[in-house]
Amino acid sequence: MTPKDIMVSVIIPMFDEKSVVERTLNEVTTVLQQVTSSYEVIIVDDGSADGTFEEVARAHQSDPRIKGLRFSRNFGKEPAMMAGMVRAAGDVVVTMDGDLQHPPSLIPHMVSKWQEGAQIVHGVKSTRNYGGLFHRTAAKAFNNVFSRTAGINIVDSSDYKLFDADVARLLTREFPEQHRFHRGLSSWVGFRQESVEFEVAARPGGESRWSLYSLVRYGWNTLTSFTSLPLQLVPLMGLVMLIFSVVLGTEALISRINGNAISGFATIEITLLFTGSMLMIGLGVIGQYLARVYEELKKRPVYVVADELGFEQHNPSE
């Protein structure tokens, strides 16, 4: 297959990104035209309220290869990437952010890796200079913890990836879980994988829409949906409580033998508070996993599409 025969699908989730739609599409399509004469750019509007989808509709009128999906509400970035991959018609499928922090100029290099035999190509951050110190430190810590506990390496990884069409179909059809983690699944699935480095570009559209709360929530949901580490910490907390009790009991016994007064109300109160806190944390972690089981058993759709641009009527069962 010659480069000009390759069909490339680019999936770009967006949420309230009206200000960067035109610039993003211009830069992506300019790069794609250098790679192939056959491509499509699928913008997935994740329930935006600022007119993002209207900007996509105007771009579609000028170029039918620009296509759009609009969710009925905000479902999240992971479902948005899945929705785009389900409808992608390319020989290769590229997922990337819509704020141009993932440089489109990397796409030709990723396609070259695919032509050399790679089935998944990961965009890996060579630098992480954006965001505050706390954000960078927390992200690095989470990636390290996740990599060690899940047995897959996502350190410095990103959602900027290229998939062979067969792998993309596998990820969308054989992994129907409600809580998806794109970076984790793409590494876990196996096949021949390669990496290319990129420098994270400055965001042109202002500050990120991710608040501290949403990042913490996303990290916790990701951890509990992909690894059982928090559940494994429950017996560890029980062991800590046992050691604490043995030490406290030994201290009380020695005090009794020596004729000293046994620690009174304050010690008992601290012990009860400590024990109760550990029990509540343990129950909370177990409850989170029970909630995951409950959500999976309901088998609700991962997302709901309200509008489509550039697609024939889609059959969700395909």
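- A continuous path of ILVMFWY side-chain contacts below 4.5 Å connects Trp114 to Leu106, so both sit in one hydrophobic cluster.
- Side-chain atoms of Thr29 and Val41, non-hydrogen and from C-beta on, do get closer than 4.5 Å to each other.
- For the pair Val93 and Ala88, the tightest heavy-atom approach, listed with the atom from each and the gap, is CG2-CB, 3.8 Å.
- A donor-acceptor contact shorter than 3.5 Å links the side chain of Thr36 to the backbone of Ser38.
- At distances below 3.5 Å, at least one donor-acceptor pair connects side-chain atoms of Asp16 with backbone N or O atoms of Ala49.
- Residues Phe75 and Pro79 approach most closely at O-CG, 3.5 Å, considering heavy atoms.
- One distance of note links CZ of Phe191 with CG of Asp166; it measures 8.0 Å at 0.5 Å rounding.
- Side-chain contact between Tyr303 and Val86 is present, with heavy atoms from C-beta onward closer than 4.5 Å.
- Inter-residue side-chain proximity for Val56 and Asp45 is flagged as unmet; no heavy-atom pair is nearer than 4.5 Å.
- Under the side-chain hydrogen bond (donor to acceptor under 3.5 Å, both in side chains) test applied with His122, the options Lys113, Glu194, Gln193, Glu197 reduce to a single match, Gln193.
- Between Ile120 and Val189 there is a side-chain heavy-atom pair separated by less than 4.5 Å.
- Using a 4.5 Å cut-off on side-chain heavy atoms (C-beta onward), Phe15 and Asn74 make contact.
- Atom CZ of Phe311 and atom CG of Leu69 lie 4.5 Å apart (nearest 0.5 Å).
- Contacts of Asn26 classified as side chain to side chain donor-acceptor pair (under 3.5 Å), with partners at least two apart in sequence or in another chain: none.
- Although no hydrogens or angles enter the test, the distance criterion places a donor-acceptor pair under 3.5 Å between the side chain of Asp50 and the main chain of Lys18.
- Pairing each heavy atom of His60 with each of Ile66, the nearest pair is ND1-O, 2.7 Å.
- Applying the salt bridge (charged side-chain N to carboxylate O under 4.0 Å, His left out) definition to pairs two or more places apart or across chains, those involving residues 27-44 are Arg23-Glu27, Glu40-Lys67.
- Cluster annotation: Met85 and Val304 are assigned to the same hydrophobic cluster (Ile/Leu/Val/Met/Phe/Trp/Tyr, side-chain heavy-atom contacts under 4.5 Å, transitive).
- Taking CZ of Arg87 as the start and CE of Met82 as the end, the distance is 10.0 Å to the nearest 0.5 Å.
- The main-chain N or O of Asp164 is never found under 3.5 Å from a side-chain atom of Gln119 such that the two would form a donor-acceptor pair.
- Here ring-ring contact (aromatic ring centres under 6.0 Å, His included) pairs that include residues 77-112, with residues two or more places apart or in two chains, are His102-Tyr160, His102-Phe198.
- Scanning both residues, Met110 and Gly123, for their nearest heavy atoms gives CE-N, 4.3 Å.
- Shortest non-hydrogen contact noted between Glu17 and Thr52 is N-OG1, 3.0 Å.
- Between the CG atom of Leu25 and the CZ atom of Arg65 there is a distance of 12.0 Å, given to the nearest 0.5 Å.
- A single hydrophobic cluster is not seen to contain both Met81 and Phe71; linkage of ILVMFWY side chains at heavy-atom distances under 4.5 Å, directly or through other members, places them apart.
- Of the possible donor and acceptor atoms, one in the side chain of Asp91 sits under 3.5 Å from a partner among the backbone N and O of Met7.
- Taking each heavy atom of Met96 and Ile107 in turn, the nearest pair found is SD-CD1, 4.4 Å.
- Rounding to the nearest 0.5 Å gives a distance of 10.0 Å between CD1 of Ile6 and OG of Ser37.
- Rounding to the nearest 0.5 angstrom, the gap separating the CZ atom in Phe53 from the CE atom in Met14 is 12.5 Å.
- Under the 4.5 Å side-chain criterion, counting only non-hydrogen atoms from C-beta, Ile43 is not in contact with Val21.
- At least one donor-acceptor pair closer than 3.5 Å links the side chain of Asp99 to the backbone N or O of Gln101.
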